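Worth saying up front: this structure is predicted, and the values here are computed from it rather than measured.
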Amino acid sequence: MGFMGGVFKVLGFESENKPKALKKQKTGTKATYSLKKSNSRPEQIDGISVYYPEKKEQCKEFVVFVKEDKAIIISTEYCSGEEVQGAIDFLNGFVIGANARLIVLESNKLFLILPEGMEVEE
């Protein structure tokens with residue numbers, strides 16, 4: 001009751017119906033976490049499809065796109081160390097055989113494969 005409350009009580013101004021104290025409700029936000037991998041992995045970068053192989057064998061599936069004259073980006077961030085080197089070796093061999101170009105966007109992580117005759121604007 002503070003000082004003024006005591007003064008009002010002495011003067012007889014205190015009412016019999018005291019206002020109820022309001023309970024403070026916690027309005028904190030709940031943390032959420034999504035297990036979907038798609039939230040952390042973009043499907044396209046500048047209109048070019050991005051693929052995330054986990055094993056070097058999966059890289060064989062992506063050569064179809066290059067044969068159809070579609071540029072692709074391969075990210076090896078979800079491959080283990082041995083798988084990364086195998087994927088890079090396969091991609092190097094493939095681009096030589098298909099007269100395509102392999103451009104390293106990020107060392108041992110991100111690769112752009114351009115079909116024959118396709119160029120990059122810089």
Side-chain angles (χ1 to χ4, degrees):
M1 178 169 10
F3 173 74
M4 291 303 292
V7 172
F8 286 134
K9 186 177 182 181
V10 171
L11 296 174
F13 289 105
E14 185 177 31
S15 69
E16 293 180 23
N17 297 331
K18 293 183 181 179
K20 294 182 181 178
L22 297 175
K23 291 184 180 180
K24 291 184 180 179
Q25 295 180 353
K26 294 182 181 179
T27 58
T29 58
K30 293 183 180 180
T32 59
Y33 182 75
S34 175
L35 295 177
K36 293 181 181 179
K37 290 183 179 180
S38 62
N39 288 345
S40 62
R41 304 190 296 186
E43 293 180 9
Q44 288 191 345
I45 297 175
D46 290 336
I48 300 173
S49 297
V50 182
Y51 298 96
Y52 300 88
E54 294 177 1
K55 297 184 178 188
K56 63 184 175 187
E57 289 81 20
Q58 291 173 316
C59 289
K60 296 174 186 175
E61 300 169 13
F62 308 134
V63 300
V64 174
F65 299 111
V66 178
K67 289 180 181 179
E68 294 174 353
D69 291 331
K70 295 179 183 175
I72 61 170
I73 296 175
I74 306 265
S75 174
T76 58
E77 65 183 303
Y78 294 101
C79 290
S80 66
E82 298 167 357
E83 295 292 333
V84 168
Q85 191 57 50
I88 293 170
D89 291 343
F90 173 78
L91 294 173
N92 278 324
F94 168 72
V95 296
I96 291 170
N99 289 329
R101 288 179 49 201
L102 179 71
I103 300 172
V104 179
L105 302 175
E106 186 178 329
S107 182
N108 289 339
K109 294 279 184 193
L110 207 57
F111 304 92
L112 171 65
I113 300 177
L114 294 174
E116 184 177 18
M118 194 175 280
E119 296 295 323
V120 176
E121 284 185 17
E122 294 184 29

Where Ile72 and Ile74 come nearest, the two heavy atoms and their spacing | CD1-CD1, 3.8 Å
The reported gap from CD in Gln44 to CD1 in Ile73 (rounded to nearest 0.5 angstrom) is 9.0 Å
Full working for side chain to side chain contact (heavy atoms under 4.5 Å, CB included) between Phe94 and Val66 = CA-CA 10 Å; Phe94 168 72; Val66 178; 3.8 Å; yes
Same hydrophobic cluster for Tyr51 and Ile45, using side-chain heavy-atom links shorter than 4.5 Å among ILVMFWY?
-> no
Consider only side-chain heavy atoms of I, L, V, M, F, W and Y, link residues closer than 4.5 Å, and tell whether Leu102 and Phe62 are in one cluster.
-> yes
Of all heavy-atom pairs between Ser75 and Pro53, which one has the smallest distance, and what is that distance?
-> O-CD, 3.3 Å
Tell me, please, which residues at least two apart from Glu68 pass side chain to side chain contact (heavy atoms under 4.5 Å, CB included).
-> Val64, Phe65, Lys70
Of all residues at least two apart in sequence or in a different chain, which pass the salt bridge (Lys or Arg N to Asp or Glu O under 4.0 Å) check with Glu106?
-> none
Non-neighbouring partners of Phe111 that pass ring pair (Phe, Tyr, Trp, His ring centres under 6.0 Å), sequence neighbours left out | none
Side chain to side chain contact (heavy atoms under 4.5 Å, CB included) partners of Ile103, counting only residues at least two apart = Arg101, Leu105, Leu112, Leu114, Val120
Return the set of residues passing salt bridge (Lys or Arg N to Asp or Glu O under 4.0 Å) with Lys109 (not counting sequence neighbours), or none when no residue passes.
-> none
Nearest atoms (heavy-atom pairs only) where Lys55 meets Cys79 = N-SG, 4.1 Å
What's the spacing between Lys67 NZ and Glu116 CD if we round to 0.5 Å?
-> 13.5 Å
Sorted by first residue and then second, give each side chain to side chain donor-acceptor pair (under 3.5 Å) pair with at least one member in residues 79-88; sequence neighbours left out.
-> Gln85-Asp89
When clusters are formed by joining ILVMFWY residues with side-chain heavy atoms under 4.5 Å apart, either directly or through shared neighbours, do Met118 and Leu110 land in the same one?
-> yes
